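Below, chains carry the letters A, B, ... as their sequence lines are ordered, and counting in each starts from 1. Keep in mind that what you see is a predicted model, and the values were worked out from it rather than measured.
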Amino acid sequence: MTEKVDLTDKPLDLRKTLECGQTFSWRKNGDKYYTVRNGGVLKVWQEGDELFYENYGNEIDPREVLRLDDPLEEVYQSLGKDDFIERSVLANRGLRIVRDDFFSCLIAYITSAQMQIPRIRRFVRDVSEKYGKPLRFNGEEYYEFPKPEKLAEVSEEDLRDLSIGYRAEYVKRTSEMVRDGTVEEEKLRKMDYAEARKELKKLSGVGNKVADCVLLFSLDFTEAFPVDTWVRKVLKEKYPELYDKKYKKLSENMQDYFGNYAGYAQEYLFYYGRTCMDL
DNA sequence: CGGCAGGGAGGCC
DNA sequence: GGCCTCCCTGCC
């Protein structure tokens, strides 16, 4: 059954949200997008001010996974510190932060080190099809991202067969640590930002950047400000007075500048860097 | 074919 | 704590 969400007071640009490069949990099929998690499939598509969706298996609420209840107008107000961010926001109105599944987000970002986006997507697809739980609806086969218990059992060699090179070791070790409860999602959610990031960095293959991405895209820390090479270039050029070559200092400067929704600012600057800037 | 890509680990000071 | 080198693989 097709259902819909009225978007008149919830601006959304579905395509930019799912294609800007922040998430590896969604796939495209024609003009529709779908995600598979927790025994369910959610299919969504947008027509103007309406978001249509279909659910198979366990229910997944699009309002939740697309963060449709984030007060975007309020966010924009709080970010409007200068002309440049105002223009970036205006040009990409409706671009939202996603709320992805913790473990799949974590593993995808661990493999993202020194990789390009299409390769990361390919890995997520391959690892899901090979080790994830298959779900069948309407004669179509869908695959969930494998659980930590499952992925921890896969040998490093078999992980390497998915063309992730030296990252295979990180994926295996981190899967084991999550399986064993060395780091727990629910505990992370109760910590403050600095504490949660420190905790995440205990995991193999997780440094400042990966930790910030996981905090922002799956654990609701909207103040996280991940700095990747794209964002770094934009910041160097557009915010030279806040720029610092050290990751931690730079990220903190931007958090101090943009406030509690700094992650949203990061998303708009990232999008600008990848699409509008000739760098 | 050399160089580099959405970083991180491990070794060194 | 800062700096340096290496790391698989794919693609230009």
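- Evaluation of the salt bridge (Lys or Arg N to Asp or Glu O under 4.0 Å) rule for A:Lys32 yields no partner, not counting sequence neighbours.
- Applying the salt bridge (Lys or Arg N to Asp or Glu O under 4.0 Å) test to residues at least two apart or on different chains, the pairs with a partner in residues 153-166 of chain A are A:Glu153-A:Arg179, A:Glu156-A:Arg160.
- A:Arg125 pairs by the side-chain contact (heavy atoms from CB on, under 4.5 Å) definition with A:Arg27, A:Arg122, A:Glu129, not counting sequence neighbours.
- Atom P of nucleotide B:dG7 and atom CG of A:Asp212 are separated by 13 Å, given to the nearest angstrom.
- The gap from the P atom of B:dG3 to that of C:dC7 amounts to 15 Å, rounded to the nearest Å.
- Residue A:Asn208 contributes atom CG, which lies 13 Å from atom C1' of B:dA9 at whole-angstrom precision.
- Pairs of residues two or more places apart, or lying in two chains, that qualify as side chain to side chain donor-acceptor pair (under 3.5 Å) and include a residue from residues 51-63 of chain A are A:Thr2-A:Glu54, A:Glu54-A:Tyr56, A:Asp61-A:Arg63.
- Atoms OH (A:Tyr272) and P (B:dG6) sit 18 Å apart, rounded to a whole Å.
- Contacts of A:Val210 with the nucleic acid, taken as non-hydrogen atoms under 4.0 Å apart, involve only primed sugar atoms and P, OP1 or OP2.
- Rounded to whole Å, the separation between the P atoms of B:dG11 and C:dC8 comes to 15 Å.
- Members clustered with A:Trp45: A:Phe52, by chain and number, using a 4.5 Å side-chain heavy-atom cutoff among hydrophobic residues.
- Nucleotide B:dG7 holds its C1' atom 16 Å from the CH2 atom of A:Trp230, rounded to whole Å.
- Sorted by residue number, the members of residues 193-203 of chain A with any non-hydrogen atom under 4.0 Å from DNA chain B read A:Leu203.
- In terms of heavy atoms, A:Glu185 sits closest to A:Leu219 at CG-CD2, 3.9 Å.
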So what is the 5' to 3' dot-bracket string for DNA chain C, if pairs are Watson-Crick or G-U wobble with both distances under 3.5 Å, crossing pairs use [ ] and | means the partner sits on another strand? |||||||.||||
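- If A:Gly205 and A:Cys213 are placed on DNA chain B by their nearest nucleotide, the residue sitting closer to the 5' end is A:Cys213.
- Summarising the geometry, atom CG belonging to A:Asp100 is positioned 6.5 Å from atom OG1 belonging to A:Thr35; distances are rounded to the nearest 0.5 Å.
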Treat primed atoms plus P, OP1 and OP2 as sugar-phosphate and everything else as base, then score nucleotides 5-12 of chain C 5' to 3': B for base contact with protein heavy atoms under 4.0 Å, S for sugar-phosphate contact only, - for none. --BBBS--
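- Partners of A:Lys10 by salt bridge (Lys or Arg N to Asp or Glu O under 4.0 Å), not counting sequence neighbours, listed by chain and number: A:Asp69.
- Non-hydrogen atoms lying under 4.0 Å from DNA chain C are contributed by A:Lys246, all within residues 239-267 of chain A.
- Contact of the A:Arg274 side chain with the A:Cys20 side chain is not registered, since no non-hydrogen atoms from C-beta on lie closer than 4.5 Å.
- Other residues, nucleotides and ligands place more than 12 heavy atoms under 6.0 Å from the NZ atom of A:Lys201.
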For residues 254-265 of chain A, which side-chain N or O atoms pair as donor and acceptor with protein atoms under 3.5 Å away, sequence neighbours left out?
from: A:Gln255; atom 1: NE2; to: A:Glu223; atom 2: O; distance (Å): 2.6
from: A:Tyr257; atom 1: OH; to: A:Asp82; atom 2: OD2; distance (Å): 2.6
from: A:Tyr264; atom 1: OH; to: A:Asp70; atom 2: OD2; distance (Å): 2.7

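- Every residue two or more places apart in sequence or in another chain was checked for a salt bridge (Lys or Arg N to Asp or Glu O under 4.0 Å) with A:Glu186, and none qualifies.
- Taking the six-membered ring for Trp and thresholds of 30 and 60 degrees, A:Tyr109 and A:Phe217 have nearly parallel ring planes, at less than 30 degrees apart.
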